[in-house]
Amino acid sequence: MSVQNPVIEFEHVSYAYEKESVLQDIHFNILPGSFLGVIGPNGGGKSTLLKLLLGLLPLQEGRIKIFGQERERFRDWEKIGYVSQKSNAFNRGFPATVYEIVRSGLVKKTGMFRFFPKNTKEQVTAALRAVEMETFLKRNISELSGGEQQRIFIARAIVTKPQILILDEPTVGVDVARVESFIALLKKLNQELGMTIILVSHDLPSLQNSVSHILHLNRTIVYYGDYANYNKHLRRQSHPMESLGGIE
Amino acid sequence: MLQYLLEYEFLRNSFLTGLIIGMISPLLGVFIVLRRQSLIADALSHVTLSGIAASLFLGKLSPFWATLNPVYGGMIFSIGGALLIEKLRTVYRHYEELAIPIIMSFGVGLGVVFISLANGFNADLFSYLFGSVSAVSTGDLYLIIFISVIVLLCIIFLFKELFLLSFDEEYGKVSGLRVKTINFIFIIMVAVVIAISMQIVGVLLVSSLMTLPVAASIRVAKSFKGTIFYAIFFGELAVVGGLVSAYYFNLAPGGTIVILATLILVLAICNKQMHIRYNKMLSK
């Protein structure tokens, strides 16, 4: 039986904003093909964890490895797709078509001072097909609904065919019915394309039939493991409702 | 006018300069407006003014400085102002917009001091303030063509990066883009284009050529490329119309160009509202 190498490794990572500690001794691995839900209260360190992983914040303590490489030396960013929390609050009057937005995801693969490759349109169309939005190619991004825009941002993130897709609170401001179809889409990407997915969310119930693993953060790791065992873990807590109440 | 354009070199120079800045200013303006940095052009134009005033003052002190084109002084100050804005942004991370009024106030203050040292306003300074059809020499024109070609090449080769940073800077950082380098190149381009544009439009109105055609194009275009196309088209329309009117009615070209650009903007806003009403009527 072959042993799978982790795609992401956090080794005793701690981080503080000035004197306020946000993450303490975070240590865990993510295996390829996982669908990880990251939950926890506001200020629990979820966004800081992602920023550290993506290189948006400098490491203070500990190590992060991506595909076995130290984060500082990692350059293959096209292997990682990212949908930020800010995608919900982008400039809605921005005059760009869906094609132009999704194509911008290829910037990291193409390189500086170079033009987009000849098969760009095929790559963009394939990404839009994966999120069931291929008929929207020429539409203006500002004409779409919140749920449709989120699918476009996922298409931008997966246009480079990444092995890992990271999403930071992507369902904020999206109505319940659309959240369900959105999570179903992520499940499809995870199961059909084998993409490792890391989803930061405040909405635990919507994740329950999709995620394979849960990382519950509250400055330290409260729980990390199979989703199936997470409920047992909660039941073992003396005040499970209190703990759940903290999850946003 | 065509006959005079062929006959008089200064008119030809002004017209060609107008055509060039009518393209390059709105082109850069698209990125400035969409990055919500419209006021940066205003701040840098005021810094440019202090550079010109400094050059004119130095020209009074020594014959060496008097031979140098004040545009160079304006350009150096403009680049210095641009770099200071970038630096201040990192100092005030949570109040990035504060960098612009700080540099603008400093530019005006410095300009006023140099103007008073140069014994107040003279004809030269007035032409830089409000633009002039006779301000462009053949040497100036060559400098403007040289700078415009470099700016155009930079925009062509950095187009995809500039688009991404205008739409979503954080995504650009995550994509491994050299955001600081690209922002540095961009702000230097803005600084030099402002310095070369001021001879026609004037220091006080130069930012309008970077914002008004873009404001109109956003109302009309549906794509990013369309926005660029319309911004340049409206920019050229305002510059050519403004220069011709300024020539025939003996007006300051900067003012006529800006008034025409504003008229185009009003038409674009009315056109959009008529479209919305028409679509509503159809849906009923």
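Scope of the values below: all heavy atoms of this structure, side chains included, with no hydrogens, waters or symmetry mates. Chain letters run A, B, ... following the sequence lines, proteins first, then strands; residues in each count from 1.
Separating the OG atom in B:S223 from the CD1 atom in A:I101 is a distance of 11.0 Å, to the nearest 0.5 Å. Separating the CG atom in B:L162 from the OG atom in A:S104 is a distance of 12.5 Å, to the nearest 0.5 Å. Distance check: A:M112 CE to B:L177 CG gives 7.5 Å after rounding to the nearest 0.5 Å. Distance check, rounded to the nearest 0.5 Å: NZ of A:K138 to NZ of B:K222 gives 12.5 Å. If you take CG on B:L158 and CZ on A:R114, they are separated by 13.5 Å, rounding to the nearest 0.5 Å.
For B:F233, the CZ atom sits in a loose shell: 12 or fewer heavy atoms of surrounding residues, nucleotides or ligands are nearer than 6.0 Å. The environment of B:Y142 atom OH is sparse: at most 12 non-hydrogen atoms of other residues, nucleotides or ligands sit within 6.0 angstrom. Counted within 6.0 Å of CD on A:E20, heavy atoms from surrounding residues, nucleotides or ligands total 12 or fewer; the atom is thus considered open. For CZ of B:F229, the number of neighbouring non-hydrogen atoms (other residues, nucleotides, ligands) closer than 6.0 Å is 12 at most. Environment of OH in B:Y230: sparse, with no more than 12 heavy atoms of neighbouring residues, nucleotides or ligands closer than 6.0 Å.
Looking at B:T227, only its side chain comes within 4.5 Å of chain A, counting heavy atoms on both sides. Interface residue B:L34: backbone and side-chain heavy atoms are both found under 4.5 Å from chain A. Proximity to chain A involves both the backbone and the side chain of B:I156, based on heavy atoms less than 4.5 angstrom apart. Using a 4.5 Å cut-off between heavy atoms, B:S166 touches chain A through backbone and side chain atoms alike.
A donor-acceptor contact shorter than 3.5 Å links the side chain of A:E100 to the backbone of B:K225. Looking at B:K160, its side chain does come within 3.5 Å of a backbone N or O of A:G111 through a donor-acceptor pair. Using a distance-only test at 3.5 Å, with no hydrogens or angles considered, no donor-acceptor pair links the side chain of B:K173 to the main chain of A:L54.
Between A:T97 and B:F224 there is no side-chain heavy-atom pair separated by less than 4.5 Å. Residues B:V174 and A:S84 have side chains not in contact (no heavy-atom distance under 4.5 Å, counting atoms from C-beta outward).
When ring centroids are compared, A:F113 and B:F157 stay outside the 6.0 Å threshold.
Considering only heavy-atom pairs separated by less than 4.5 Å from chain B, the leading option among A:G81, A:A157, A:P95 is A:P95.
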Please assess A:F153 against B:Y171 for the test side chain to side chain contact (heavy atoms under 4.5 Å, CB included), listing each intermediate value before the final yes or no.
CA-CA 11 Å; A:F153 291 126; B:Y171 194 83; over 6 Å; no
Begin with the C-alpha distance, continue with both residues' side-chain angles, and end with the deciding distance and a verdict on side chain to side chain contact (heavy atoms under 4.5 Å, CB included) for A:W77 and B:S175.
CA-CA 6 Å; A:W77 291 105; B:S175 302; 5.8 Å; no
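Scanning all heavy atoms of the two residues, the minimum distance from B:D168 to A:R156 falls at OD2-NH2, 2.9 Å.
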